[in-house]
Amino acid sequence: MYRAQILGTGSYLPKDVVTNQDLEKTLDTSHDWIVQRTGIHQRHIAAPEEKTSDMGTIAALQALEMAGISVDQLDFIICATTTPDRTFPATAVKIQANLGLKKGFAFDLQAVCSGFVYALSIANNFIQQGQGRYGLVIGAEKMSSIVDWSDRSTAVLFGDGAGAVVVGAAPSEGSDKDRGVLGTYLHSDGSLEDILYTDGGPSSSEDVGKIKMNGREVYKHAILKMGAALEEVLEKHHLTSEDIDWFVPHQANERIIDALADRLKFPQEKIIKTGALQANTSAATIPLALDAGVRDGRIKPGQLILIDALGAGLAWGAALIRW
Ligand code: ACO
């Protein structure tokens, strides 16, 4: 038996930084309002010619380097994104081409902010089924391309970037002492589509549309549903929050993370937060946060990591990983 072990992480953030003070010049907003409501101080914004695949490729190369895996060893690439380069083909095949890989298979996964949790779950299933030995799981987003920059209620929340992990087949004894993905728990409820969506798409408006959101409703569901997913993981694995070394949640809003931490009694020292400097990069937030935690030495081999996300759909989920 095998399961997917994370062997390397990588990240990319565009050079251009837009601060809250920069946004004050074009929007009726303030640094204090944004920080108080979200914890966000700045976000990275991609250059016009910079595509989601460009960001994903750089993050992927870093992850491969850390893993010590060559491009030729890859069997699959999954790119979680809601901002693909093109409606088709998938951004993942562009990344495959950028890497110079001509074998295996590559595809995109659309679960918006939960995309990385969904993609990791699928990668783990491929590895468990013997459909691949090594794979890339990428979250890459150019959210700036679907933000309505005149809408202060959403424009302040998002940023661009990419994170990637290399997964490899690790021997499994079928116990939670194994290293790798120990469990993934996915959920969605399409009846909540109208609280967060883009007002466009190929089959409806023939364009991509811009983000529309009922912030209060999203906030309420995020705490309820991400909290329930965390409880589900702890219960299924007979754990308490004290057993978890690092809680790495989707980085939409510091208030959501703090409310979850209170509910599950995670001390602040066990939470990896990147939202202040990166804002919400949708599917990229969790792999970006994992990479930050690995590179600064917080995340170490053998530790238990709990990831948790919610986004449009609504789609949400959590996963338990032994590093
Ligand atoms: N600057 C200043 N004032 C603003 C801004 C802004 N950027 N945006 C909204 N306001 C105003 C509103 O117009 C409103 O004014 P009014 O009282 O005169 O009508 C007032 O601030 C309060 O607005 P609310 O929307 O009620 O503010 P709230 O306290 O709910 O905070 C926020 C808004 C930050 C969006 C919050 O609801 C939230 O974080 N929701 C979660 C949304 C989210 O994270 N979405 C990301 C995608 S989903 C995900 O990743 C989980």
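We count ligands from 1, going down the list as the structure has it; atoms in each ligand are counted the same way. Atom set for the values below is all heavy atoms of this structure, side chains included, hydrogens, waters and symmetry mates excluded.
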Give me the ring orientation class for H41 and H31: parallel if the planes are under 30° apart, tilted from 30 to 60°, perpendicular past 60°.
-> perpendicular
Nearest 0.5 Å, what's the CD1-CD1 distance between I272 and I286?
-> 11.0 Å
Please state which protein non-hydrogen atom is closest to atom 23 (O) of ligand 1 and give its distance, to 0.1 Å?
-> W33 CZ2, 4.5 Å
Are E232 and K236 close enough for a salt bridge, meaning some N to O gap below 4.0 Å?
-> yes
protein heavy-atom neighbour closest to atom 46 (C) of ligand 1 works out as N280 ND2, 3.4 Å
Does the protein put a heavy atom less than 4.0 Å from atom 18 (O) of ligand 1?
-> no
Do T19 and Q42 have side-chain atoms, one donor and one acceptor, less than 3.5 Å apart?
-> no
Kindly state if atom 7 (N) of ligand 1 has a protein heavy atom within a strict 4.0 Å cut-off, that is, under 4.0 Å?
-> yes
Closest by any non-hydrogen atom to atom 15 (O) of ligand 1: pick that one out of Q251, R152, R255.
-> R152
Is the number of heavy atoms from other residues, nucleotides or ligands within 6.0 Å of CD (E206) greater than 12?
-> no
Identify the closest protein heavy atom to atom 30 (O) of ligand 1: which residue and atom is it, and at what distance?
-> R216 CG, 3.4 Å
Around atom 40 (N) of ligand 1, find the nearest protein heavy atom and jot down its residue, atom name and distance.
-> G215 O, 2.9 Å
Ligand 1 to Y219, heavy atom cutoff 4.0 Å, flagged ligand atoms 38 (C), 39 (O), 40 (N), 41 (C)
Nearest to atom 50 (O) of ligand 1, what protein heavy atom do you find, and at what distance?
-> H250 NE2, 2.7 Å
S30 N/O to ligand 1 N/O under 3.5 Å | no
Under-4.0 Å protein heavy-atom contact, atom 32 (C) of ligand 1 | no
Using a strict 4.0 Å cut-off to heavy atoms of A252, name the atoms of ligand 1 that fall inside it.
-> 44 (O), 49 (C), 50 (O), 51 (C)
Nearest protein heavy atom with distance in Å, relative to atom 1 (N) of ligand 1 = T29 OG1, 2.7 Å
Salt-bridge test for R152 and D28: reply yes if a basic N is under 4.0 Å from a carboxylate O, no otherwise.
-> yes
Could you check atom 39 (O) of ligand 1 against the protein and tell me its nearest heavy-atom contact, residue, atom and distance included?
-> N253 ND2, 2.4 Å
Just going by heavy-atom distances, which of R37, M143, M213 is nearest to atom 35 (C) of ligand 1?
-> M213
Name all pairs fulfilling the ring pair (Phe, Tyr, Trp, His ring centres under 6.0 Å) condition that reach into residues 46-88, sequence neighbours left out, sorted by first residue then second.
-> F76-F105, F76-F126
SB check K25 D22 (cutoff 4.0 Å) = yes
Show which atoms of ligand 1 fall inside a sub-4.0 Å distance from at least one heavy-atom site of L196.
-> 47 (C), 48 (S)
Lys/Arg-Asp/Glu bridge criterion (N-O < 4.0 Å) met for D258, K273 | yes
Using a distance-only test with no angle check, is there a side-chain donor-acceptor pair under 3.5 angstrom linking K102 and Q96?
-> no
Taking only Lys NZ, Arg NE, NH1 and NH2, and the carboxylate oxygens of Asp or Glu, determine whether E231 and R263 approach each other closer than 4.0 Å.
-> yes
Provide the number and element of each atom of ligand 1 under 4.0 Å from a heavy atom of V218.
-> 42 (C), 48 (S)
Would you say K103 has more than 12 foreign heavy atoms packed within less than 6.0 Å of its NZ?
-> yes
Note: heavy atom closest to atom 49 (C) of ligand 1, options T38, L310, L23, belongs to L310
So the atoms of ligand 1 within less than 4.0 Å of a heavy atom of V156 turn out to be 7 (N)
